[in-house]
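The next block holds one structure in the form of structure tokens; read it before the comments.
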Amino acid sequence: MTIAQLQKAVERAFAAGPASIGDQSAMDVFLELRTALERGEARAASPDPASATGWRVNAWVKQGILLGFRLGSLADISVAGFSFVDKSTYPVRHFALADGVRIVPGGSSTRAGAYVARGVVCMPPMYINTGAWVDEGTMVDSHALVGSCAQVGKHVHLSAAAQIGGVLEPVNASPVVIEDDVLVGGNSGVYEGTIVRQGAVLAAGTILTRGTPVYDLVNGTILRGSGDMPLIIPENAVVVPGSRAVAKDKGHERSQDWGLSLYAPVIVKYRDEKTDLSTTLEDLLR
Ligand SMILES: CC(C)(COP(=O)(O)OP(=O)(O)OC[C@H]1O[C@@H](n2cnc3c(N)ncnc32)[C@H](O)[C@@H]1OP(=O)(O)O)[C@@H](O)C(=O)NCCC(=O)NCCS
């Protein structure tokens, strides 16, 4: 089946609703999609210069992933001494030497339907959910999460405990996108369809959601998601966690009485030689 044929077949099976449960042809379509996802031939969102965000959401892929949850029944997938129960359609992904992915033993798991490119390093414990795309040379450090359908580019460093939110529903919602060469610092979180452009750096502890205004000190602008547009962190921006005063019309006086301020991610600069130095520590480990 070509990808275009697969898309049509997925859309048909998804539209059939609960009637597809027990239908072997729907299951075959799902399994074909799952294989295409793992090979990187289909993905939940793809780069598209013609789109306003630079990314096109492939809603049919997300429909296909949801179809897998609908078609799967709970299965006992216990292994030597550990009991696990999950949807039969989403077992643990198995890797072979030839896949070129390094998985250090200890509490990590990648769900079927995730694409993990050669040269990816997975430090335990970490989790990569279905529909996620993790490109070449990326490091997924301990306690990091790559949520369902999240798109992570090449040579990204997802530092310890970095959380990349997933999004399966609504199907048209844009997944989180982390473009090539981004550093996501330890304990950071990127959620709700946020796009982090190439080369950006999120300092440890930075949290980004659609509703979090980001203050760009360099350009004097305040970035946030609006309408159909997600929050977009510009190329090479260095974002650090800061704080700001409460807005005048939203309880500013009381916040002063109480000594409160709100969390605010701040772009303090754009990547320079010093940033490159601060962010290239782990090359030898890859
Ligand atoms: C952002 C980071 C890469 C530093 O980049 P850099 O280009 O060297 O930044 P600089 O040191 O020039 O700092 C620029 C400004 O941001 C401030 N800043 C830097 N990091 C900050 C942070 N984490 N929180 C708040 N402010 C920060 C600096 O104080 C400086 O402001 P100042 O000039 O007023 O003092 C680094 O702070 C960081 O967070 N690294 C990630 C660490 C990590 O998670 N490692 C993972 C290991 S698993």
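Just the heavy atoms: all of them, side chains too, but no hydrogens, waters or symmetry mates, feed the values below. In this chain, residues are counted from 1 in sequence order. Whatever order the structure lists ligands and atoms in, that order sets their numbers, starting from 1.
Under 4.0 Å from ligand 1, the heavy atoms of Val240 that appear belong solely to its side chain. Neither the backbone nor the side chain of Leu277 comes within contact range of ligand 1; no heavy atom lies under 4.0 Å. Counting heavy atoms closer than 4.0 Å to ligand 1, residue Arg271 contributes nothing at all. The part of Ser278 lying near ligand 1 is the side chain, judged by heavy-atom distances below 4.0 Å.
Using a 4.5 Å heavy-atom threshold, the side chains of Ile232 and Leu223 count as separate. Looking only at side-chain heavy atoms (C-beta outward), Ser46 and Arg56 come within less than 4.5 Å of each other. Looking at Ser20 and Leu71, their side chains come closer than 4.5 Å, going by heavy atoms from C-beta outward.
At under 3.5 Å, not a single nitrogen or oxygen of His157, backbone or side chain, sits near a nitrogen or oxygen of ligand 1. For ligand 1, one of its N or O atoms has an N or O atom of Gly186 under 3.5 Å away. The distance criterion of under 3.5 Å between nitrogen or oxygen atoms is met by Ala204 with respect to ligand 1. The N/O atoms of Thr275, backbone and side chain alike, include one that comes under 3.5 Å of an N/O atom in ligand 1.
The atoms of ligand 1 that sit less than 4.0 Å from any heavy atom of Gly185 are 44 (O). Interface atoms of ligand 1 facing Val201, defined by a heavy-atom separation under 4.0 Å, are 1 (C), 3 (C). Per-residue contacts place Lys269 under 4.0 angstrom from the following atoms of ligand 1 (heavy atoms of the residue considered): 6 (P), 7 (O), 9 (O), 10 (P), 12 (O). Atoms of ligand 1 found under 4.0 Å from any heavy atom of Asp141 (numbered from 1 in listed order, with element): 48 (S). Residue Pro241 approaches ligand 1 through these ligand atoms, each under 4.0 Å from one of its heavy atoms: 24 (N), 25 (C). Atoms of ligand 1 lying under 4.0 Å from any heavy atom of Ala160, numbered from 1 in the order shown and given with element: 48 (S). Every atom of ligand 1 with a heavy atom of Val268 under 4.0 Å away is listed here by number and element: 15 (C), 16 (O).
When atom types are taken as modelled, the side chain of Arg197 and the backbone of Val182 share no donor-acceptor pair closer than 3.5 angstrom.
Residues in residues 28-38 take part in these side-chain hydrogen bond (donor to acceptor under 3.5 Å, both in side chains) pairs, two or more places apart or across chains: Gln24-Asp28.
Contact between Leu183 and ligand 1 is present, with at least one heavy atom of the residue lying under 4.0 Å from the ligand.
Trp133 and Tyr115 have tilted rings, their planes meeting at an angle from 30° to 60° on a 0 to 90° scale.
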Which pairs of donor and acceptor atoms, one on a side chain in residues 244-262, lie under 3.5 Å apart (sequence neighbours left out)?
from   : atom 1 : to     : atom 2 : distance (Å)
Arg244 : NE     : Tyr215 : OH     : 3.2
His252 : ND1    : Val246 : O      : 2.8
Ser255 : OG     : His252 : O      : 2.5

For Phe69 and Phe30, what are the C-alpha separation, side-chain angles and deciding distance, and is it a ring pair (Phe, Tyr, Trp, His ring centres under 6.0 Å)? CA-CA 10 Å; Phe69 282 96; Phe30 165 71; 8.4 Å; no
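Between Asp180 and Lys154 no salt bridge is recorded (no basic side-chain N to carboxylate O distance below 4.0 Å).
Using modelled atom types, one finds no donor on one side chain facing an acceptor on the other under 3.5 Å when comparing Tyr90 with Asn129.
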